[in-house]
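Side-chain atoms are counted along with the backbone in the values below, which use heavy atoms only and exclude waters and symmetry mates.
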Amino acid sequence: DQRDLHSFPTRRSSDLAEHVVQALQSHIFIDAVNTPFQLPEHLAELYRPWMDLASNMGTFLAHTVSERFNDITIEYKGDIFTTFEPIKALILFSIFKNRFADILTYINLDETIIHEGIKVNVIKEEKKVFQNLEARIRITLKGENDFQSRIVGTVFSGNPKFIEINQHFMDISPTNFMLLLKSLDKPGVIGRVGTFLGTKNINIASWQTGRNAPGSMALSVITLDSAVPAEVLDELRKVTDIVEARSEERRVGKECRSRW
């Protein structure tokens with residue numbers, strides 16, 4: 001039974017999107033009627049950094065995962081989460097907004113995901129997974145051939161942080177311009193990449209690298225002061241020992257872009 005996704009309601013979802021934007025920019029949530037979730041004003045300041053984290057985590061996955069997936073597990077922990085529905089909605093919308101750009105709304109979000117045959121699991125954890133973290137969110141995507149991609153995030157001093165990506169422990173403050181590299185764990189890689197970006201007048205703000213063992217595949221997340229043009233990204237992929245390079249560009253009020 002084929003459903004016309006364009007027929008789902010859009011007016012309320014537009015209102016809801018405005019509420020989310022208002023929440024993130026002016027710290028105020030407005031109760032909405034006939035929307036997937038309601039969040040009263042008194043929780044606005046408390047939830048704002050977590051909504052920001054949810055958006056960043058979902059967008060990062062959307063831009064760095066090219067494999068097809070059919071299972072999403074969202075695990076969360078923390079007494080702060082008296083309700084998780086707004087955060088869940090923002091995570092899923094951020095993952096799928098580019099994939100279904102013409103039809104996706106907050107109202108038809110769940111219906112669209114079900115229609116695509118994607119299973120969503122939301123789990124509240126009671127056990128303390130990270131000894132020093134009282135609250136955190138973990139998102140895992142799974143697909144065929146044992147594909148899996150995972151990101152873990154938290155909020156520290158009111159700012160969103162990525163603390164693990166695919167079992168590589170990190171300390172990343174997401175920014176508008178990010179570069180994801182997979183490389184061989186060999187001497188000289190960081191120097192070559194840094195020199196290359198310098199010749200293109202692209203300044204590095206921070207660089208986080210993780211590996212599972214010496215000599216294994218290394219994962220680097222680099223935050224930048226400016227975007228990486230497509231032609232520069234193509235050149236970067238040819239640098240010795242670089243296996244994969246992807247970039248993410250986020251602009252306030254504009255559509256996010258990723259380059260593969």
* Asked: Going from CD1 on Ile74 to CG on Asn121, what distance comes out if it is rounded to the nearest 0.5 angstrom?
  -> 9.0 Å
* To do: Group every Ile, Leu, Val, Met, Phe, Trp and Tyr by side-chain heavy-atom contacts under 4.5 Å, then state whether Val193 and Leu184 land in the same group.
  => no
* Asked: Are side-chain heavy atoms of Glu116 and Phe100 found at a separation under 4.5 Å?
  -> yes
* Asked: Does Ile103 share a hydrophobic cluster with Leu109, counting links as ILVMFWY side-chain heavy atoms below 4.5 Å and allowing steps through other members?
  -> yes
* Asked: Taking the side chain as C-beta and beyond, is there a heavy-atom pair between Lys124 and Tyr76 under 4.5 Å?
  -> yes
* Which atom of Ala62 lies closest to which atom of Ile95, heavy atoms considered -> CB-O, 3.4 Å
* **Full working for salt bridge (Lys or Arg N to Asp or Glu O under 4.0 Å) between Glu75 and Arg150** => CA-CA 11 Å; Glu75 300 165 276; Arg150 184 173 77 182; over 6 Å; no
* Asked: Side chains of Asp110 and Thr112: is there a donor and an acceptor less than 3.5 Å apart?
  -> no
* Asked: Heavy atoms, side chains only, cut-off 4.5 Å: are Asn98 and His63 in contact?
  -> yes
* For Asp185 and Gly215, indicate whether the former's side chain and the latter's backbone hold a donor-acceptor pair under 3.5 Å. => yes
* Asked: Same cluster for Leu53 and Ile80 if Ile/Leu/Val/Met/Phe/Trp/Tyr side chains link at under 4.5 Å?
  -> yes
* Between OG1 of Thr82 and CG of Leu46, what distance do you get to the nearest 0.5 Å? -> 7.5 Å
* **Donor-acceptor contact below 3.5 Å, side chain Tyr47 vs main chain Ile87** => no
* Using 4.0 Å as the upper bound for N to carboxylate O, is an ion pair formed by Glu125 and Arg138? -> yes
* Identify the two heavy atoms, one from Gln208 and one from Ile172, that lie closest to each other, and give their separation to 0.1 Å. => CG-CG1, 3.8 Å
* **Derivation of the side chain to side chain contact (heavy atoms under 4.5 Å, CB included) call for Glu67 and Glu144** => CA-CA 9 Å; Glu67 296 85 354; Glu144 296 179 355; over 6 Å; no
* Heavy atoms only: give me the nearest Leu90-Ala54 pair and the separation to one decimal. => CB-CB, 4.3 Å
* Structure fact -> So OG1 of Thr154 and NZ of Lys77: to nearest 0.5 Å the spacing works out to 11.5 Å
* Asked: Is there a chain of hydrophobic side chains (I, L, V, M, F, W, Y, each step under 4.5 Å between heavy atoms) that links Met217 to Leu179?
  -> no
* Tell me, yes or no, whether the heavy-atom count around Lys119 atom NZ, taken from other residues, nucleotides or ligands under 6.0 Å, exceeds 12. => no
* Stepwise side chain to side chain contact (heavy atoms under 4.5 Å, CB included) check, Phe69 with Lys142 -> CA-CA 5 Å; Phe69 55 88; Lys142 294 181 180 180; 5.9 Å; no
* Are side-chain N/O atoms of Ser173 and Lys161 paired as donor and acceptor at under 3.5 Å? -> yes
* Asked: Does Ser55 offer a backbone N or O that forms a donor-acceptor pair with the side chain of Thr59 under 3.5 Å?
  -> yes
* Asked: Do Thr199 side-chain atoms and Phe196 backbone N/O form a donor-acceptor pair below 3.5 Å?
  -> yes
* To do: Please report the closest heavy-atom contact between Ala245 and Leu236, naming both atoms and the distance.
  => CB-CD2, 4.2 Å
* Structure fact -> Distance col, row Leu181:CG vs Ile190:CD1, nearest 0.5 angstrom, shows 10.0 Å
* To do: Of all the heavy-atom pairs spanning Gln148 and Asn166, show the shortest one and how long it is.
  => O-OD1, 4.3 Å
* Asked: Do Phe162 and Phe60 have their ring centres less than 6.0 Å from each other?
  -> yes
In a table with atom names and distances, give each donor-acceptor pair under 3.5 Å that connects a side chain of residues 220-232 to protein atoms at least two apart or in another chain.
unit_1: Ser220; atom_1: OG; unit_2: Trp207; atom_2: NE1; d: 3.2
unit_1: Ser220; atom_1: OG; unit_2: Thr209; atom_2: OG1; d: 2.8
unit_1: Thr223; atom_1: OG1; unit_2: Ser206; atom_2: N; d: 3.1
unit_1: Thr223; atom_1: OG1; unit_2: Ser206; atom_2: OG; d: 2.5
unit_1: Asp225; atom_1: OD2; unit_2: Asn203; atom_2: ND2; d: 2.7

* Asked: Is the closest side-chain heavy-atom distance between Thr240 and Arg192 below 4.5 Å?
  -> yes
* To do: Check whether any side-chain heavy atom of Ile118 sits under 4.5 Å from a side-chain heavy atom of Asp71, and report yes or no.
  => no
* When rounded to the nearest 0.5 angstrom, what is the spacing between CD1 in Ile91 and CE in Met51? -> 9.5 Å
* Structure fact -> Nearest heavy-atom approach of Phe81 to Ala135 is CE1-CB, 4.4 Å
* Asked: After noting the C-alpha distance and the side-chain angles of Val152 and Ile137, does the key distance pass the side chain to side chain contact (heavy atoms under 4.5 Å, CB included) rule?
  -> CA-CA 6 Å; Val152 182; Ile137 299 171; over 6 Å; no
* To do: Drop me the distance from Ile123's CD1 to Thr73's OG1, to the nearest 0.5 angstrom.
  => 5.5 Å
* Asked: Hey, does Met178 have a side-chain heavy atom less than 4.5 Å from the side chain of Ser247?
  -> no
* Asked: Side chains of His115 and Asn108: do they bring a donor and an acceptor to under 3.5 Å?
  -> no
* In terms of hydrophobic clustering (I, L, V, M, F, W, Y; side-chain heavy atoms under 4.5 Å; direct or indirect links), are Ile163 and Phe156 co-clustered? -> no
* **More than 12 heavy atoms of other groups within 6.0 Å of Phe147 CZ** => yes
